[in-house]
Amino acid sequence: MGRGKVQLKRIENKINRQVTFSKRRNGLLKKAHEISVLCDAEVAVIVFSPKGKLYEYATDSSMDKILERYERYSYAEKALISAESESEGNWCHEYRKLKAKIETIQKCHKHLMGEDLDSLNLKELQQLEQQLESSLKHIRSRKSHLMMESISELQKKERSLQEENKALQKELVERQKAARQQQQQQVQWDHQTQTQQAHQNQPQAQTSSSSSSFMMRDHQAHAPQNICYPPVTMGGEAVAAVPGQQGQLRIGGLPPWMLSHLNA
């Protein structure tokens, strides 16, 4: 017959209670030793009897170390729990504060945009007006500063462009001067070439003119004077032969060499 289930309640009989305590205490200490050996765990068991007597078990008899470790972990866990609770409270407080700040900023923005002004009194409206005037002054000063900076930059660009233009004009003038000098040199060179050719051709012309004059004088010296020539017919008509000046025979006012061509 199996053992019946024990009802978990306080045993009223002192003797039975003492016997049950002794048995269960020994079983508990035995189980603690088994789990420490089998699982290589650090186990500490503390039991006080109803009469206040202490019974304990610790792995490797290091109860103090186990209790110290327990206190350290217990304190860290408590600190973590308290920190989490405090952080939750801080986050809630921070959320409420940021929400109120956002609402205030939105209200100020509406007031600056000219909305929801009915809830403002005269003093608040005057403060808002002063704030707007100071903001406008700041905006105008910033705008003027930016305009001055842009004007100065444009002036710098203008000066740089003028300098570049002057440099280009100077370069253009120099190129024009170089072109004119080159053209003048070409003209001088052509003139020198023509002069040299004229000097080279002058002795030949003098030689030819002197030879022609010499031949004319020789012909005149050997030409017969006062010779009567027979009449020459030209075109079926007789033409009188008339001696010309300087021994040249002229027929009807024509030289002899032309008549020979006509007779032929």
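Sequence positions, counted from 1, serve as the residue numbers for this chain.
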Q: Quick check for you: to the nearest 0.5 Å, what is the distance between I35 atom CD1 and D40 atom CG?
A: 11.5 Å

Q: Can you establish whether the number of heavy atoms outside Q162 located under 6.0 Å from its atom CD is more than 12?
A: yes

Q: Give, for atom CZ of R159 and atom CG of L154, the distance between the pair rounded to the nearest 0.5 Å.
A: 11.0 Å

Q: Rounded to the nearest 0.5 Å, how far does CG of L117 lie from CG of L125?
A: 6.5 Å

Q: Tell me, with the steps shown, if E12 and R10 meet salt bridge (charged side-chain N to carboxylate O under 4.0 Å, His left out).
A: CA-CA 6 Å; E12 297 296 335; R10 183 175 179 272; 3.3 Å; yes

Q: Report yes if the side chains of N13 and R17 come closer than 4.5 Å at any heavy-atom pair, otherwise no.
A: no

Q: For residues E149 and L146, determine if any side-chain heavy atom of one lies less than 4.5 Å from a side-chain heavy atom of the other.
A: yes

Q: Look at the side chain of N26 and the backbone N and O of S22, then say whether any donor-acceptor pair between them is shorter than 3.5 Å.
A: yes

Q: Contact between V47 and L54 at the side-chain level, heavy atoms closer than 4.5 Å - yes or no?
A: no

Q: Would you check, one step at a time, whether the test side chain to side chain contact (heavy atoms under 4.5 Å, CB included) holds for V37 with T59?
A: CA-CA 9 Å; V37 173; T59 305; over 6 Å; no

Q: NZ/K30 to CG/L28 distance, rounded to the nearest 0.5 angstrom?
A: 12.5 Å

Q: Taking CG in L172 as the centre, count heavy atoms belonging to other residues, nucleotides or ligands within less than 6.0 Å. Is the count above 12?
A: yes

Q: Rounded to the nearest 0.5 Å, what separation is found between the NZ atom of K177 and the CZ atom of R180?
A: 7.5 Å

Q: What distance separates Q188 CD from Q181 CD, expressed to the nearest 0.5 Å?
A: 10.5 Å

Q: If only atom types and distance count, is the side chain of S36 paired as donor or acceptor with the main-chain N or O of A41 below 3.5 Å?
A: no

Q: Between L128 and H111, what is the shortest heavy-atom contact and its length?
A: CD2-O, 3.5 Å

Q: Decide yes or no for Q186 and Q182: does some side-chain heavy atom of the first lie under 4.5 Å from some side-chain heavy atom of the second?
A: no

Q: Check each of Q18, K23, R24 against T20 using the side-chain contact (heavy atoms from CB on, under 4.5 Å) test, and report the only one that passes.
A: R24

Q: Look at R175 together with E171 and state whether they make a salt bridge at an N to O cut-off of under 4.0 Å.
A: yes

Q: Using every non-hydrogen atom in the two residues, find where Y57 and M63 come nearest and quote the distance to one decimal.
A: O-CE, 3.5 Å

Q: Assess whether a salt bridge exists between K65 and E42, defined as any Lys/Arg side-chain N lying under 4.0 Å from an Asp/Glu carboxylate O.
A: no

Q: Is H33 close to L29 at the side-chain level, that is, under 4.5 Å between some pair of heavy atoms?
A: no

Q: Under 4.5 Å between any side-chain heavy atoms of V43 and I66, yes or no?
A: no

